[in-house]
Amino acid sequence: MKYRRIKGTKDILPTESWKWQFIEKKISETLESSGYKEIRTPIFEVTQLFTRGIGEETDVVSKEMYTFLDKGSKSLTLRPELTAPVIRAYIENNLNQINPVNKLYYIGSLFRQERPQKGRLRQFNQFGLEIIGSPNPEADAEVIRIMYDLFSSLGITDMNIKINSIGSRESRKDYLQVLEKSLKPSFNNLCPTCQKRFYKNILRIFDCKNSECQKILDEYAPAIVDHLNEEDTEHFETVKKLLNFTNTPYTIEKKMVRGLDYYTRTTFEITSSLLGSQDAICGGGRYDHLVEDLDGSKTPAVGVACGMERLIMVLDELSVFKETKKSPLFCVTLGDKAIEKVFKLITDLKELGIPAEMDLMRRSIKAQMRQAGKNNAHWVAIIGENEIEKNILVLKNMVKKEQIEISLENAPAEIAKIISLK
RNA sequence: GUGACCAUAGUUCAAUGGUUAGAGCAUCGGUUUGUGGUGCCGAGGAUUUGGGUUCAAUUCCCAGUGGUUACCCCA
């Protein structure tokens, strides 16, 4: 009987929506000024795009997707992330033919069926950017630095940038064998999930929070950065050099591997202590094989995604948001005849570029004035029977508490003049 | 999926095994005649659902639902 929102979803009410507008504007301005262009893709895709793109074994794919059959029994999925759809669009629209390197950004809703908690919803929003086509470390560094700059310009100070390299697929293959060998003797001491990981996706053991497993890792597991081949090492060194050169603070997290299978070489995330246990505000990395995995031509790429809800939480915590109240001129009406006049008046005013609104409740003048005050209106126009008789209107400055009479004849232009003088 | 905590008005929070379940804020109205913010006065509005214990349950017990949070994993 009573409709309520779906678990894990959120209504963004007028008390909050302005924050979203503010941040979205900031994001697009910042990214556009670095040469990124927006891309918007559909909210759903064929399921296979994600199973192939993200990896069947990942948690996202194996237990968190909203998958359903359409009327033609085709399996579709609400997008749980945006890199795969962007790459699909890149391939499908032959963007590589238009430009050897494509710098794209997106802002949109994603869907994952997880248990909601602080900083985690089932429908949530991310913005992100992708550099598709460049194999070079400056692309990696740029992505990291852009996020750093964006967050800094928003007033975030205590950021922690963690970077790591998990190597190309080639050097990782060798490393995984080394890792397997090093952990094998301790296999029985690993937690049950890690024992499973040992066979399915051994790299994920690094994600385990079990202290026993961590101890084993610290003691026996070689770090992946120490087992990179020459090219990977050089790539990573250059990324670090570029970050150093631009005074971008970072720490190397040798144990950071990421949850999506497509990553290669550089991975990174930025965390904030202002968030709860979900402290990653953005995360990303290089994915040199995703395009070909999705049947495109072999194309290197690097990207990052940022959780908007988490970003807004941090900014709220830092009291970054300041509401700038700019309210339209409020028109008070008294009597039926006034309504016609006022309706025409606000139409004309808006045509002249003057924001204006009229009372819609036909309440007493007092109530309408109160409404205007609550709206924070700087100007109020009053038209009642007396005014119509005299062919005028009353224009009141709510701040100075002064009011003047204006002839109805030329009212819109007259008001426009007075208001813009202020 | 597992655990913990929570559920009283629009909201934040009180109270109670037994008559009309209170308050702040918010909303609406009044404070003389057609003028907002502060003050004063007033009004509307609530015990999550189902079962059980009891003469009697909003209160105690069980279950459901919902919320928050942690784990897993991620942004």
Side-chain angles (χ1 to χ4, degrees), chain A residues 1-10 13 15 54 57-65 80-83 107-128 147 191-194 196-197 201 204 206-210 256-260 263 268-272 275-285 303-314 327 330 332-335 338 359 361 363-388 394-399 401-403:
Chain A
M1 217 40 187
K2 206 171 168 188
Y3 293 105
R4 34 170 78 249
R5 74 185 96 89
I6 304 287
K7 184 202 273 286
T9 63
K10 216 185 151 208
L13 303 175
T15 46
I54 306 172
E57 292 303 325
T58 59
D59 278 33
V60 171
V61 168
S62 64
K63 52 187 205 195
E64 294 170 1
M65 294 205 301
E81 60 104 54
L82 259 160
T83 300
I107 304 178
S109 281
L110 307 180
F111 305 84
R112 290 183 200 170
Q113 189 158 180
E114 303 176 84
R115 205 61 182 271
Q117 59 180 283
K118 193 175 173 71
R120 169 188 290 171
L121 293 169
R122 289 185 168 182
Q123 176 177 353
F124 60 106
N125 295 278
Q126 285 187 347
F127 78 92
M147 296 310 263
C191 73
T193 24
C194 284
K196 253 180 258 161
R197 287 172 175 143
N201 194 344
R204 297 227 61 85
F206 283 106
D207 271 337
C208 189
K209 298 223 171 86
N210 184 308
M256 183 179 67
V257 297
R258 300 195 46 90
L260 293 92
Y263 286 116
F268 68 94
E269 62 185 47
I270 301 179
T271 58
S272 165
L275 292 163
S277 65
Q278 313 301 317
D279 64 350
I281 178 169
C282 79
V304 61
C306 172
M308 303 269 286
E309 282 79 5
R310 294 183 187 180
L311 180 57
I312 286 178
M313 268 188 197
V314 172
S327 288
F330 190 92
V332 170
T333 73
L334 292 162
D359 167 78
M361 293 302 288
R363 293 189 293 180
S364 68
I365 184 169
K366 189 186 272 284
Q368 293 187 44
M369 289 304 290
R370 208 184 297 132
Q371 184 69 48
K374 199 172 125 195
N375 288 6
N376 238 293
H378 194 113
W379 297 94
V380 172
I382 303 167
I383 299 184
E385 271 142 35
N386 301 347
E387 284 76 14
I388 291 176
V394 170
L395 181 67
K396 176 164 183 173
N397 183 326
M398 295 290 273
V399 179
K401 302 182 187 189
E402 293 166 356
Q403 61 185 45

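Chain letters run A, B, ... following the sequence lines, proteins first, then strands; residues in each count from 1.
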- Would you indicate what A:C282 reaches in the nucleic acid, counting non-hydrogen atoms under 4.0 angstrom: base, sugar-phosphate, or nothing? sugar-phosphate

- Message: Would you measure the distance from the C1' atom in B:rG22 across to the matching atom in B:rA15 and give it in whole Å?
- Response: 7 Å

- Item | Side-chain N or O of A:R370 closer than 4.0 Å to phosphate OP1/OP2 of B:rG29 | yes

- Pair assignment for B:rC13, Watson-Crick or G-U wobble, requiring both distances under 3.5 Å: B:rG22

- Query: Looking at B:rC72, B:rU2, B:rG34, which one has an atom nearest to any side-chain atom of A:N386?
  - Reply: B:rG34

- Looking at the side chain of A:V394, which of B:rA70, B:rU35, B:rC28 is the nearest nucleotide? B:rU35

- Task: Please work out if A:I281 contacts a base, only the sugar-phosphate, or nothing of the nucleic acid, heavy-atom cut-off 4.0 Å.
- Result: sugar-phosphate

- Message: What's the gap between B:rU49 and B:rU65 when it is taken at their P atoms, as a whole Å value?
- Response: 15 Å

- Query: Taking the same atom, P, in B:rC60 and in B:rG42, what whole-Å distance lies between them?
  - Reply: 34 Å

- Using atom P of each nucleotide, how far apart are B:rC40 and B:rU8 to the nearest Å? 29 Å

- Task: Kindly point out which of B:rU2, B:rC71, B:rG29 is positioned nearest to the side chain of A:R115?
- Result: B:rU2

- Task: Would you mind telling me which of B:rC28, B:rG66, B:rA75 lies closest to the side-chain atoms of A:R120?
- Result: B:rA75

- Side-chain atoms of A:I382 come closest, of B:rU27, B:rG36, B:rG34, to B:rG34

- Item | B:rC6 to B:rC13 separation - P atoms, rounded to the nearest Å | 14 Å

- Message: If you assign A:A372 and A:R310 each to the RNA chain B nucleotide with the nearest heavy atom, which residue ends up on the more 5' nucleotide?
- Response: A:A372

- Measure distances between side-chain N and O atoms of A:Q113 and base N and O atoms of B:rG1, and say whether any donor-acceptor pair falls under 3.5 Å. no

- In the strands shown, is B:rC71 matched to any nucleotide by a Watson-Crick or G-U wobble pair with both distances under 3.5 Å, and which? B:rG1

- Counter-base of B:rG42, judged by Watson-Crick or G-U geometry with both distances under 3.5 Å: B:rC28

- Task: Under 4.0 Å between any heavy atoms, over every strand shown, what does A:E114 touch: base, sugar-phosphate, or nothing? Just pick one.
- Result: base

- Note on the structure: Out of B:rA75, B:rG34, B:rG66, minimum distance to the side chain of A:L334 belongs to B:rG34

- Message: Taking any heavy-atom pair under 4.0 Å as a contact, classify A:G119: base, sugar-phosphate, or nothing.
- Response: base

- Residue A:Q126, side-chain heavy atoms: nucleotide from B:rG1, B:rG36, B:rA75 that is nearest: B:rA75

- Item | Interatomic distance at P, B:rG34 relative to B:rA46, whole Å | 35 Å

- A:M398 side chain, from C-beta outward: closest of B:rG36, B:rC28, B:rC71: B:rG36

- Item | Residue A:E385 excluded, over 12 heavy atoms near CD under 6.0 Å | no

- Message: Looking at every non-hydrogen atom in both residues, tell me the closest pair between A:G285 and A:F268 and how far apart they are.
- Response: N-CE2, 3.7 Å

- Taking the side chain of A:A367 as heavy atoms from C-beta outward, which of B:rG29, B:rC28, B:rG36 is closest to it? B:rG29

- Item | Short side-chain N/O contact to B:rG29 OP1/OP2 from A:R363, under 4.0 Å | yes

- Query: Distance from A:L311 atom CG to A:C306 atom SG, nearest 0.5 Å?
  - Reply: 4.5 Å

- Calculate, to the nearest 0.5 Å, the distance between atoms CD and CE belonging to A:Q113 and A:M65 respectively. 11.5 Å

- Would you mind pulling out the nucleotide paired to B:rG50, Watson-Crick or G-U wobble, both distances under 3.5 Å? B:rC62

- Message: Students often get this wrong, so: under 4.0 angstrom with heavy atoms, is A:K401 touching a base, only sugar-phosphate, or nothing?
- Response: base

- Message: Does B:rU68 have OP1 or OP2 under 4.0 Å away from a side-chain N or O of A:K118?
- Response: no

- Message: Ignoring hydrogens and geometry beyond distance, is the side chain of A:Q403 in donor-acceptor contact with the base of B:rU35 at under 3.5 Å?
- Response: yes

- Note on the structure: CD1 (A:I383) and CG (A:D359) are apart, to the nearest 0.5 Å, by 12.5 Å

- Query: So what does A:I6 touch, heavy atoms closer than 4.0 Å: a base, only the sugar-phosphate, or nothing?
  - Reply: nothing

- When rounded to the nearest 0.5 angstrom, what distance separates OG1 in A:T58 from NZ in A:K63? 10.5 Å

- Note on the structure: A:K396 has its side chain closest, among B:rU35, B:rG3, B:rA75, to B:rU35

- Please round to the nearest 0.5 Å and tell me the distance separating atom NZ of A:K396 and atom NZ of A:K401. 8.0 Å

